[in-house]
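What follows is one structure encoded as structure tokens, with my remarks underneath.
Counting starts at 1 for both ligands and their atoms, in listed order.
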Amino acid sequence: MAFPQITPPPLDEVKARFELFDYIDGERLAPEIEMDGWVSNPNTGERIARQMATSPAKIEKALSVAQRLHQSGAWANTPPEKRADILDAAANALMGLVPAIAAVESYNTGIVFSTSSFVNNIVWLAFKAAAGVLRSGYAVSKVPGPHGDVEILRKPLGVAVCIVPWNSPAALAAHKVANALAAGCPVILKPTEWAPYSCLLLADGLEAAGLPKGLFQIVNGGAEVGQKLVSDKRVRAVSFTGGLNGGQAVAAACAADFKSLQLELGGNNAMVVLPDADIEKVAEGIVAGMTTLNGQWCRALGRLVVHESIQEQVLNAAIEKFKQVQAGDALSLESQLGPLANEAHKGRIESAIRALEQKGGKRHAATATPTDGYYLPPTIITGVAPDETLEEIFGPVATLHTFKTDEEAVALANQTPYGLGGYVYGSNEEHALKVARQMNTGGVKINGVSLLELNVDAPRPAWGLSGFGEEGTLETFDVFCGKSVVGVAGK
Ligand code: NAD
């Protein structure tokens with residue numbers, strides 16, 4: 001998909017967006033509770049503001065406002081066409097906010113502007129897609145019955161909670177929020193404490209579209225606030241994107257009263273390189289897989305699984321490409337690699353690299369990085385046994401392993417407890433497809449790495465520890481719906 005090239009707004013306009021608020025029943029209010037951590041600019045390491053959390057009283061207010069709205073039935077009973085009109089209007093308003101959203105994320109998360117301005121088109125596209133689901137009639141489908149049609153109604157479950165991480169917060173939030181609203185649910189969004197600001201702009205878009213107040217609310221804070229929300233009995237549907245620990249805690253809370261749950265968690269994604277692969281293309285794929293979102297990408301390359309006959313060629317070609325990667329300030333249009341999201345995260349990745357070195361690993365990196373800020377060059381580690389490299393690192397780091405046969409390649413690709421993304425490179429497409437079909441993962445791309453899916457309407461499933469349920473245009477809408485089958489049984 002091609003979008004117009006945009007440039008970041010002036011820095012003082014970007015900085016003016018760093019004013020945190022809770023958004024409760026249509027009011028913007030400052031959060032009261034100081035947390036221990038700081039929101040920072042990872043490009044320089046400078047502190048922006050202390051992390052803040054919403055008070056328990058305001059969380060309670062948000063929940064009761066949402067519950068009251070759900071019980072009133074006002075939004076649930078708004079005809080799907082009218083709900084779609086509001087979502088389309090929100091999409092139009094949010095389209096104009098993409099440069100601001102993208103710049104805020106580049107400044108606060110280090111994602112380079114060329115990527116953040118591209119990926120944040122998802123913000124408005126998500127609202128268009130959700131409106132499209134409503135206009136397609138999906139909310140009320142029909143199958144034949146003994147006495148006329150049987151209706152399959154998709155009805156809003158109730159209050160929805162959406163929780164997002166820091167690697168692409170606004171786009172992830174928009175996909176969840178748009179579908180919850182389309183389904184007819186009042187929704188409470190909790191952005192991440194590390195990068196809450198871009199999500200605040202969703203309030204501007206939805207307000208401009210005329211969404212009735214209270215249907216979309218934002219509360220701030222970290223794991224504690226997230227747990228409070230997902231443990232509340234009034235909440236009936238939860239969509240969470242984040243790490244494994246958070247996902248497990250959310251799942252445990254939702255199990256208590258069987259909330260509808262969608263979890264999008266991590267991955268340790270393999271790239272299988274077959275002996276006939278085009279080495280130049282493989283090297284480009286490795287760079288894209290390791291540098292997109294600065295390697296902090298759920299479908300980032302984690303394990304390079306290379307045929308032993310071309311191991312050296314692949315490694316050398318990747319290192320040559322690493323030398324050409326331009327690392328720098330994320331707001332600069334020249335930068336291809338920005339810093340990691342925060343100091344603590346950089347520390348975690350560096351200690352993961354050191355742990356691999358202690359297990360015999362040798363690091364290979366060649367990108368020049370600025371000395372200020374939380375930069376880390378893309379790094380391939382060789383020489384570590386495959387059963388020591390099963391965990392997600394969530395940064396620009398991949399381990400390299402070799403194979404002799406297709407069976408070995410598939411076994412290495414399927415060895416981790418995750419199953420989100422995967423890649424196969426090979427000149428013989430049939431052969432590559434045959435290997436790809438045996439990989440137990442939500443999706444496999446052949447001879448290419450792209451941030452967006454091959455088809456936006458295809459599901460985005462997650463296997464194993466990568467998640468629970470699937471994402472997608474219809475799949476996410478369904479998370480917020482209860483189905484009810486209604487028809488005439490006798491005359
Ligand atoms: P994280 O789990 O620490 O935090 C994510 C969000 O969950 C934050 O808003 C956080 O405050 C909240 N949270 C944390 N613990 C919680 C708990 N116990 N209960 C309720 N809420 C809680 O993750 P992160 O470090 O911000 O993000 C990185 C992770 O996100 C990586 O593992 C990455 O793979 C994953 N991710 C997955 C996808 C996907 O689509 N599968 C996309 C992006 C990121």
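The 12-atom threshold is not exceeded at CZ of Arg17, counting heavy atoms of other residues, nucleotides or ligands nearer than 6.0 Å. Counting non-hydrogen atoms of other residues, nucleotides and ligands closer than 6.0 Å to CG of Asp36 gives a total of 12 or fewer. Around the CD atom of Glu224, the shell of radius 6.0 Å holds no more than 12 heavy atoms that belong to other residues, nucleotides or ligands. By the neighbour-count criterion of 12 heavy atoms within 6.0 Å, atom CD of Glu350 is densely surrounded, having more than that number from other residues, nucleotides or ligands. More than 12 heavy atoms of other shown residues, nucleotides or ligands fall within 6.0 angstrom of atom NZ in Lys346.
In this structure, the protein non-hydrogen atom closest to atom 32 (O) of ligand 1 is Glu392 OE1, 2.9 Å. At the shortest separation from atom 33 (C) of ligand 1 among protein heavy atoms lies Phe394 CE1, 3.1 Å. Annotation: atom 19 (N) of ligand 1 to nearest protein heavy atom, Gln227 NE2, 3.0 Å. Closest to atom 7 (O) of ligand 1 among all protein heavy atoms lies Phe240 CE1, 3.1 Å.
Which parts of ligand 1 touch Val164 is read off a 4.0 Å heavy-atom cut-off, strictly below it: atoms 6 (C), 8 (C), 9 (O). Proximity to Val250 (heavy-atom distance under 4.0 Å) selects the following atoms of ligand 1: 19 (N), 20 (C). Every atom of ligand 1 with a heavy atom of Asn167 under 4.0 Å away is listed here by number and element: 43 (C), 44 (C). Of all the atoms in ligand 1, the ones that sit under 4.0 Å from a non-hydrogen atom of Thr192 are 9 (O). For ligand 1, the atoms closer than 4.0 angstrom to any heavy atom of Ala249 are 18 (N). For ligand 1 and Gly243, the ligand atoms under 4.0 Å from any heavy atom of the residue are 1 (P), 2 (O), 23 (O), 29 (C), 30 (O), 32 (O). Near Leu420, meaning under 4.0 Å from any of its heavy atoms, are these atoms of ligand 1: 41 (N).
At a 3.5 angstrom cut-off on N or O pairs, Glu471 does not count as close to ligand 1. Residue Leu265 has at least one N or O atom closer than 3.5 Å to an N or O atom of ligand 1. Considering both main-chain and side-chain atoms, Lys190 comes within under 3.5 Å of ligand 1 through a nitrogen or oxygen pair. In terms of polar-atom proximity, defined here as any N/O pair under 3.5 Å, Glu193 does make such a contact with ligand 1.
Ligand 1 does not have Trp297 within reach: every non-hydrogen atom of the residue lies 4.0 Å or more from it. At least one heavy atom of Gly222 sits less than 4.0 Å from an atom of ligand 1. Using a 4.0 Å cutoff on heavy atoms, Gly247 does not count as a contact of ligand 1. Using a 4.0 Å cutoff on heavy atoms, Val230 does not count as a contact of ligand 1.
Contact annotation: for Ile163 versus ligand 1, heavy atoms closer than 4.0 Å belong to the side chain alone. Under 4.0 Å from ligand 1, the heavy atoms of Pro191 that appear belong solely to its backbone. Contacts with ligand 1 closer than 4.0 Å are made by heavy atoms of both the backbone and the side chain of Trp166. Here Thr241 has heavy atoms under 4.0 Å from ligand 1 in both its backbone and its side chain. Proximity of Leu244 to ligand 1, defined as any heavy-atom pair under 4.0 Å, is not found for any part of the residue.
Taking 4.0 Å as the cut-off between side-chain N and carboxylate O, Arg236 and Asp257 count as a salt-bridged pair. The pair Lys176-Glu264 does not count as a salt bridge, with every side-chain nitrogen at least 4.0 angstrom from each carboxylate oxygen. Between Glu19 and Arg28, none of the side-chain N atoms (NZ, or NE/NH1/NH2) sits under 4.0 Å from a carboxylate O, so this pair counts as no salt bridge.
For the residue pair Thr476 and Gln262, a side-chain donor N or O sits within less than 3.5 Å of a side-chain acceptor on the partner.
For atom 35 (C) of ligand 1, the candidate residues are Gly246, Ala300, Cys298, Gly242; the nearest heavy-atom contact is made by Gly242. Remark: among candidates Ala223, Pro169, Pro165, Gly226, the nearest residue to atom 13 (N) of ligand 1 is Ala223, based on non-hydrogen atoms.
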Stepwise side-chain contact (heavy atoms from CB on, under 4.5 Å) check, Glu105 with Tyr197: CA-CA 8 Å; Glu105 289 192 359; Tyr197 301 96; over 6 Å; no
Audit row: Leu265, Leu465, side-chain contact (heavy atoms from CB on, under 4.5 Å) steps and yes/no: CA-CA 7 Å; Leu265 309 177; Leu465 296 184; 6.0 Å; no
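When side chains are defined from C-beta on, Val219 counts as touching Ile24, because their heavy atoms get closer than 4.5 Å. Val287 is not listed as a side-chain neighbour of Pro378, based on a closest heavy-atom distance of 4.5 Å or more. For the pair Phe240 and Val161, the minimum side-chain heavy-atom distance is 4.5 Å or more.
Ring to ring, Tyr107 and Phe18 are close: their centroids are under 6.0 angstrom apart.
Between Phe394 and His345, the ring planes are perpendicular. Angles over 60° get that label, and only those under 30° would be called parallel.
Distances from atom 25 (O) of ligand 1 to the protein include at least one heavy-atom value under 4.0 Å.
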